[in-house]
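Structure record follows, encoded as structure tokens.
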Amino acid sequence: MTALVAFPDAEAAIITHLRGQLAALGVPTPVSGRVPNPVPARHVRVVRTGGLRRDLVTDRARLTFECRDSAGEPGAIELARLVRAIVTHAPGYMGGAWVDFAAEVGGPASSPDPDTGTPRYLLTVELHMRGSEM
């Protein structure tokens with residue numbers, strides 16, 4: 001019989017990891033799975049946009065990061081650059097979850113917020129996350 005394996009909540013783990021890493025870099029930035037109301041001037045939204053189980057113990061979580069900065073495009077691209085560096089730094093623990101490998105699926109691309117026009121950059125990364133037996 002095959003073991004039951006549970007995978008970490010990829011969004012929650014990476015949100016926790018990003019908050020800590022950005023603060024450690026001197027760039028404390030709100031990071032969440034939803035856009036807060038009111039919207040902060042600078043914000044990172046993390047959304048799981050797919051991904052499949054690779055094998056018995058590995059989940060390939062595909063996450064999209066929305067990096068916004070109402071101060072202007074230079075701030076939004078700088079935030080995207082930092083997020084990219086942090087989330088592609090594997091292997092290692094990220095927010096308590098073991099990440100074996102990080103694969104960039106889509107590099108930073110300009111995508112202004114459709115409702116407000118706020119500068120926003122999107123990037124997508126696939127994180128190979130280790131599950132644990134239940």
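- The two residues A10 and A61 make their nearest non-hydrogen contact at CB-CB, 3.6 Å.
- Applying the ring pair (Phe, Tyr, Trp, His ring centres under 6.0 Å) test to every pair with at least one member in residues 112-134, sequence neighbours left out, gives these pairs: F101-H128.
- With a 4.5 Å cut-off between side-chain heavy atoms of Ile, Leu, Val, Met, Phe, Trp and Tyr, the cluster of F7 takes in V5, L56, V57.
- Contacts of R62 classified as salt bridge (Lys or Arg N to Asp or Glu O under 4.0 Å), with partners at least two apart in sequence or in another chain: E126.
- Taking T64 as the reference, T49, T124 meet the side-chain hydrogen bond (donor to acceptor under 3.5 Å, both in side chains) condition, with sequence neighbours excluded.
- Listed by chain and residue number, R81 satisfy the salt bridge (Lys or Arg N to Asp or Glu O under 4.0 Å) test with E78 (two or more places apart in sequence, or in another chain).
- Other cluster members for I15: I14, L18, L22, L25, V27, V31, V44, V46, L63, F65, L79, L82, V83, I86, V87, M94, V99, L123, V125, L127, M129, joined by side-chain heavy-atom distances under 4.5 Å among Ile, Leu, Val, Met, Phe, Trp and Tyr.
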Report, one line per pair, each donor and acceptor closer than 3.5 Å where one atom sits in a side chain of residues 105-114; sequence neighbours left out.
from, atom 1, to, atom 2, distance (Å)
S111, OG, R120, NH2, 3.1
D113, OD1, D115, N, 2.8
D113, OD1, T116, N, 2.9
D113, OD1, T116, OG1, 3.3
D113, OD2, R68, NH1, 2.6

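- When all heavy atoms of A80 and C67 are compared, the pair lying nearest together is CA-SG, 3.6 Å.
- Evaluation of the salt bridge (Lys or Arg N to Asp or Glu O under 4.0 Å) test over residues 33-45, restricted to residues two or more places apart or in two chains, returns R42-D69, R45-E66.
- Pairing each heavy atom of P119 with each of G72, the nearest pair is CG-C, 3.6 Å.
- For R48, the salt bridge (Lys or Arg N to Asp or Glu O under 4.0 Å) partners two or more places apart in sequence, or in a different chain, are D59.
- Every residue was checked against the side chain to side chain contact (heavy atoms under 4.5 Å, CB included) condition with N37, not counting sequence neighbours, and none meets it.
- For residues 91-111, the pairs satisfying salt bridge (Lys or Arg N to Asp or Glu O under 4.0 Å) are R84-E104, D100-R130, with sequence neighbours left out.
- Within the structure, side-chain hydrogen bond (donor to acceptor under 3.5 Å, both in side chains) pairs that include any residue of residues 15-33 comprise S32-H43 (at least two apart or interchain).
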